Amino acid sequence: MASPCGAVLRRHAAVAVLRAAAAAGDLSKGKALHARLITCAHFDIVLHNNLISFYAKCGQVGLARKVFDAMPFRNAVSGNLLMSGYASSGRHKDSLALLRFFDFVLNEYVLSAAVAASAHVRSYDVGRQCHGYAVKAGIAEQPYVQNAVLHMYCQCAHMEDAVKVFDNISGFDAFAFNSMVNGFLDRGQLDGSVRIVGGMIGEVENWDEVSYVAVLGHCASMKDLVLGGQVHAQALKRRLELNVFVGSALVDMYGKCDRARDAQYVFDVLPEKNVVSWTAVMTAYTQNELYEDALQLFLDMEMEGVPANEFTYAVVLNSCAGLAALRNGNALGACALKTGHWTHLVVGNALMNMYSKSGSIEDAWRVFVSMPLCDVVSWNLIITGYAHHGLAREAMEAFHCMLSAGEVPSYVTFIGVLSACAQLGLVDEGFYYLNTMMKEVGVTPGKEHYTCMVGLLCRAGRLDEAEQFIVNNCIGTDVVAWRSLLSSCQVYRNYGLGHRVAEQILQLKPNDIGTYVLLSNMYAKVNRWDGVVKVRKQMRERGVRKEPGVSWTQVGSVVHVFTSEDKVHPQMDQITVKLEELIDQIKAIGYVPNFAVVLHDIEDEQKEEHLMYHSEKLALAFSLIHTPKGETIRLLDDCKKYFEQMRTMYKLKLTFTHYWCMANLYGSVGLPEEAEGLLRSVPEDLKSRALGGLLGLCRFRGEWGTGEQIALRSFGGESKGPSMQIQYFNGLLNDRLILGNSEKEKTDDEESETRNKKSEYTDEQSKPYEACLAFC
DNA sequence: CTAGGGTTAG
């Protein structure tokens, strides 16, 4: 029997049950009650609102909406409940769309929800309108509204507006400070975040855990390990280091400050690890070049049953990129496809990066065209990827596509574009991009761009202009720019300028081996042996040594890394036996042992050992033991890394020898496509000689057909006629060794050394591998 | 019957 009093009682009971069901997440209990209420209850706004609240908390925002739509009268509470329902299921757009249907006055609750939704969808316009409404309604000063507005301006990248709101707040409010720090960090405005963090330091006792995360993010961006350590100490004091958010932020901070071990320690003590903390520690490893450890952690994570997300895939793919581990990268790409993460922007970008760094620009392109959406990073990857691979025309074409797609080029874009211009010798275009277009899009040229321009001028043989350019643009203290000029001086045999440049560089006291090699070579060319002595002396003083060689290969799913004189590999005995066997075999067919070219003298008795323990040889012997007959062995080492650095980062003018060695290395480890691709990028003036390297390889392997094809293709449409090409190829067949035709082929390193000592050093290090492959 | 900010990628 329904009486008014009974109805009220029942309504109170129903509200209590709904709240309990919502707290327990018990959808069916609440639904059953709803069904009963429809038949017998007296419905008012409060009961309706409770139903909305219940459905929203159970994640059934669609049902909550049905209740809302069916209400005869609604109030601000109904609106707010529905909006927060949409917010918690991430449907911020739908939440904003509701505003048009609200037939009641918006209060501070609804407005802060609306402003928060605008922040989520990054809609400055809607957010500002809401702010205006709040000002008119006189509730803009309410703390919740004010903070939501402040956060909205930060998210929508209008820091000027945010600062205005921020300045209006009196006293210390953790929320406001946190939003400001994160806003500045997202925009990369470190000066701004320094100011805000400065204001927070005296208020540590008022920080909440989000403050720790924000300030740690600031330390990570600034690489401020001193402040970071202090924040860590404060977190320990308040037992916050075990909080998964704070812990992950600490891991990230240590990783970005180059402290991988500290990052690992923080991670290890975390009692609850989620996918973010796992990914953060993997990132720390990757950024500190501990790629194998990062990949191992990925497996550990899988073992723990924590599913990877798109960021995880991005990180492990970057580890693969660092290792040039094409097979792992491919497999991880397949996993990402299977788990549905492939379509994420970050995964696509990481895949492109991996393929590009592993030498397969075609695959990078395939990923690029199949990505559902791309951003400026994707375009940069494809442009710089093409430029890296010596495909400057394709790089320029991609750049023009980018412009017509309406994407705004960034700092990185112009590095790729200018280096492509340098490869193509497009001086005027280069200056147009530097002086006109970069201004138009608001990118301030940096050292990298100026260095590209130096390379461009050098490439065009305008060495004096290049020198002037260095001086005019105040990059005279940059060793890289001078190095670029110095190597060009050698190419163009301008030893007068070269000598001057060498003196300049010497004054800068560089600390990398490559520069000293160039310098000593330069002095040797002009017969200034006093200069060579000076270079050696400075090198010793600065403690510059040749870096130990590292090579790696993949057998099954494991990447094995070898260093020179490696003695720790568990299968070292087998490897040594195999290696001795191989060396005996190739000695029998006329191989004369060569020695690694180093700048330091090797004692006679150590020579044989150096030969034996050279890292590439170890990796090769290992691969041969473990790889089925006929399968391709992929062996990569620092040569590739150094080569790419010389070519792209330092913008060095490479000599024929560099290309030859690299192509030969690729060929000898079973990557003839890479060798061919590389040789296609050889500058015109060096082409015929570099081509000889690849043809020689074909000859060595008895691949006549391939050799002929390469000869035809590489010369096709260019200066020489077909018959000449074949003749050239055939002519090479008669030489026992390709390098036999010139004494200039010695590596730049040691030319002076060889001249003095008439020693047995040559650059034919790759030859034994060819022989090995011919045998096995 | 109602509310805010955070960690991982290039």
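Every chain is numbered from 1 and lettered A, B, ... according to where its sequence line falls, protein lines coming before strand lines. These numbers were taken from a predicted model, which means no experiment stands behind them.
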Q: With a 4.0 Å heavy-atom cut-off, tell me which residues in residues 255-263 of chain A come close to DNA chain B, sorted by residue number.
A: Lys256(A)
Q) What do you reckon, are the aromatic ring centroids of His449(A) and Tyr411(A) less than 6.0 Å apart? A) yes
Q | Val165(A): partners by side-chain contact (heavy atoms from CB on, under 4.5 Å), with sequence neighbours left out | A | His131(A), Gln146(A), Val149(A), Leu150(A), Tyr153(A)
Q. Any donor and acceptor pair, going by atom type alone, linking the side chain of Ser53(A) with main-chain N or O of Asn49(A) inside 3.5 Å?
A. no
(Q) Tell me whether the count of non-hydrogen atoms from other residues, nucleotides or ligands lying under 6.0 Å of CD in Glu272(A) goes above 12. (A) no
Q.
Taking Asn147(A)'s backbone N and O only, do any of them form a donor-acceptor pair with His151(A)'s side chain (distance below 3.5 Å, no angle check)?
A. no
Q: Can you check whether any acceptor in the base of dG10(B) is under 3.5 Å from a donor in the side chain of Asn318(A), or vice versa?
A: no
Q | Backbone of Leu290(A) reached by a side-chain donor or acceptor of Asn288(A) within 3.5 Å | A | no
Q: Please work out which residues in residues 168-181 of chain A have a non-hydrogen atom less than 4.0 Å from an atom of DNA chain B and list them by number.
A: Ala174(A), Phe175(A), Asn178(A)
Q) side chain to side chain donor-acceptor pair (under 3.5 Å) with Tyr291(A): which residues, sequence neighbours excluded? A) none
Q) Does any donor-acceptor pair link the side chain of Asn380(A) with the base of dG10(B) at a separation under 3.5 Å? A) no
Q) Would you say His120(A) reaches dG5(B)'s phosphate, i.e. side-chain N/O to OP1/OP2 under 4.0 Å? A) yes
Q | Nucleotide nearest Ser84(A) (side chain, heavy atoms from C-beta), chosen from dG10(B), dA3(B), dT7(B) | A | dA3(B)
Q | salt_bridge(Lys66(A), Asp69(A)) N-O dist < 4.0 Å | A | no
Q. Quick one: which of dG6(B), dA3(B), dA9(B) gets closest to the side chain of Gln155(A)?
A. dG6(B)
Q | Nearest listed nucleotide, side chain of Tyr109(A), among dG6(B), dA9(B), dA3(B) | A | dA3(B)
Q. Can a donor-acceptor pair under 3.5 Å be found between the side-chain atoms of Asn49(A) and the base atoms of dC1(B)?
A. yes
Q. Among residues 209-218 of chain A, which contact DNA chain B at a heavy-atom distance under 4.0 Å?
A. Glu209(A), Val210(A), Val213(A)
Q: Scan residues 237-280 of chain A for pairs that pass ring pair (Phe, Tyr, Trp, His ring centres under 6.0 Å), counting only residues two or more places apart or in two chains.
A: His232(A)-Tyr254(A), Phe267(A)-Trp278(A)
Q: Tell me yes or no: between the side chains of Thr312(A) and Asn309(A), is some donor less than 3.5 Å from an acceptor?
A: yes
(Q) Does a side-chain N or O of Ser112(A) approach OP1 or OP2 of dA3(B) to a distance below 4.0 Å, or not? (A) no
(Q) In whole Å, I'd like the distance from the CE atom of Met253(A) to the P atom of dG6(B). (A) 20 Å
(Q) Can you tell me if Gln142(A) touches the phosphate of dA3(B), counting only side-chain N or O atoms and a distance under 4.0 Å to OP1 or OP2? (A) no
